[in-house]
Amino acid sequence: MYALVVLVPLGQSVQYSFFKWDGVSASTWVGFDNYVSFVTDPVLRSTFGHVLVLIGFFALLPIVLGLLSAALLTRAKQPGMAVYRWIFFLPQVMTTVVIALVFKRIYAPDGPLNQALRAVGLDSFAKTWLGDFTWALPALGLIGTWVTFGFCMVLFISGTSAIAPELYEAARMDGAGPVREFFAVTLPGLRGQLAIALTLTITASLRTFDLVWITTHGGPGTSTLTPAVALYKAAFQNPQIGLAAAIGVVMALLCLVIAVVITRVSERD
């Protein structure tokens with residue numbers, strides 16, 4: 001079943017990537033031309049820069065916030081913490097389509113965000129967030145931060161609860177404060193969870209499609225174009241099946257390399 005659903009389509013994609021084909025007429029062998037086009041075309045090459053920005057929002061920022069939240073939530077019980085965890089874990093049980101539609105409304109010119117800015121006298125800061133060449137990509141990134149933050153937080157909380165209390169007691173006996181305790185005990189104890197969070201969030205940013213497609217379609221212009229959106233456009237809007245297959249193969253290899261590297265680094269003593 002795995003071979004039928006995964007391996008065979010993957011092999012076909014690799015095969016298609018060496019041809020120029022519109023999906024209907026006869027295909028033409030072009031070798032590595034599709035891969036060269038993906039790397040050299042300015043528009044397609046810009047998708048790598050967009051992905052790097054999204055990695056910061058989808059992976060790095062949620063992990064930092066998740067670590068901070070886990071450290072605060074597990075250090076001392078405070079009222080309302082269960083509600084806090086529930087609110088930020090909520091995106092994990094919602095479909096990306098729903099989240100994208102909600103934030104598309106929030107970011108609208110007459111949406112709640114701009115209305116709130118105008119209500120406090122900050123009219124100059126009100127923008128067409130998803131239609132602005134400068135702010136569209138960060139606006140999308142913040143949606144990704146909200147989506148992945150809850151996952152990272154819950155993952156780190158579960159990992160922190162598995163750390164032996166004796167380690168914290170020993171650190172306190174040595175005079176360690178909260179910050180030193182976090183870096184000496186908590187952070188090393190979360191190595192496995194950090195590897196999982198990095199792998200899943202980075203690959204999620206590389207594969208981002210539905211969130212971008214529903215909110216901006218890769219626009220304005222190409223300012224929020226990602227490899228997954230470029231793949232979709234190449235495959236269905238102006239059929240270039242070979243180029244689309246090459247993009248898919250490159251992204252699959254990148255995800256594989258990232259997962260292997262993170263796993264290797266996390267397993268080092």
Side-chain angles (χ1 to χ4, degrees), residues 2-60 96 130 132-141 144 198-265:
Y2 179 80
L4 181 64
V5 175
V6 178
L7 298 182
V8 171
L10 179 60
Q12 290 177 328
S13 296
V14 174
Q15 178 186 1
Y16 295 156
S17 68
F18 295 111
F19 289 86
K20 181 179 180 181
W21 185 41
D22 61 4
V24 179
S25 60
S27 59
T28 304
W29 171 267
V30 293
F32 288 94
D33 285 359
N34 289 320
Y35 293 95
V36 174
S37 297
F38 182 36
V39 177
T40 58
D41 184 275
V43 174
L44 294 177
R45 191 170 62 241
S46 68
T47 62
F48 288 106
H50 300 160
V51 163
L52 289 177
V53 174
L54 292 180
I55 286 175
F57 284 102
F58 277 65
L60 303 183
T96 309
L130 296 176
D132 189 284
F133 282 87
T134 302
W135 290 99
L137 191 60
L140 280 175
L198 278 171
T199 301
L200 294 181
T201 54
I202 291 177
T203 54
S205 62
L206 287 170
R207 295 181 289 104
T208 302
F209 170 76
D210 41 7
L211 184 64
V212 178
W213 186 254
I214 293 170
T215 53
T216 66
H217 284 248
T222 60
S223 59
T224 60
L225 189 67
T226 63
V229 175
L231 185 156
Y232 178 84
K233 289 186 174 182
F236 298 106
Q237 289 193 344
N238 183 24
Q240 302 177 64
I241 305 301
L243 177 61
I247 296 173
V249 170
V250 170
M251 300 315 297
L253 289 175
L254 280 177
C255 290
L256 178 61
V257 169
I258 289 170
V260 170
V261 170
I262 293 175
T263 302
R264 295 288 187 183
V265 172

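For this chain, numbers begin at 1 and follow the sequence in order.
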Have Thr208 and Thr226 got a donor and an acceptor in their side chains that come within less than 3.5 Å?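 On atom types as modelled, these side chains do not qualify, holding no pair under 3.5 Å.
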
How about Phe32 and Phe38: are their ring centres within less than 6.0 Å of each other? no

Using 0.5 Å steps for rounding, measure from the [atom1] atom of [X] to the [atom2] atom of [Y].
| X | Y | atom1 | atom2 | result |
| --- | --- | --- | --- | --- |
| Ile258 | Leu200 | CD1 | CG | 12.0 Å |
| Ile247 | Gln240 | CD1 | CD | 8.5 Å |
| Leu60 | Leu54 | CG | CG | 11.5 Å |
| Thr224 | Trp135 | OG1 | CH2 | 15.5 Å |
| Thr28 | Phe19 | OG1 | CZ | 9.0 Å |

For Val51, which of Ile202, Leu225, Leu254, Leu206 qualifies under side-chain contact (heavy atoms from CB on, under 4.5 Å)? Leu206

Minimum heavy-atom distance [X]-[Y], with the two atoms named:
| X | Y | answer |
| --- | --- | --- |
| Ser13 | Ala245 | O-CB, 3.3 Å |
| Leu130 | Pro220 | O-CD, 3.6 Å |
| His217 | Lys233 | O-NZ, 3.1 Å |
| Val30 | Asn34 | CG2-ND2, 3.7 Å |
| Ala246 | Tyr35 | O-CE2, 3.8 Å |
| Thr201 | Phe58 | CB-O, 3.4 Å |

Sequence neighbours left out, what passes side-chain hydrogen bond (donor to acceptor under 3.5 Å, both in side chains) with Asp132? Give chain and number order. none

Determine whether [X] and [Y] make a side-chain contact, defined as any pair of heavy atoms from C-beta on separated by less than 4.5 Å.
| X | Y | value |
| --- | --- | --- |
| Ser205 | Ile55 | yes |
| Leu243 | Leu44 | yes |
| Phe57 | Leu140 | no |

Can you list every pair that meets ring-ring contact (aromatic ring centres under 6.0 Å, His included) and has a residue in residues 235-255, with sequence neighbours left out?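 Counting only pairs at least two positions apart or across chains, the ring-ring contact (aromatic ring centres under 6.0 Å, His included) contacts touching residues 235-255 are Tyr232-Phe236.
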
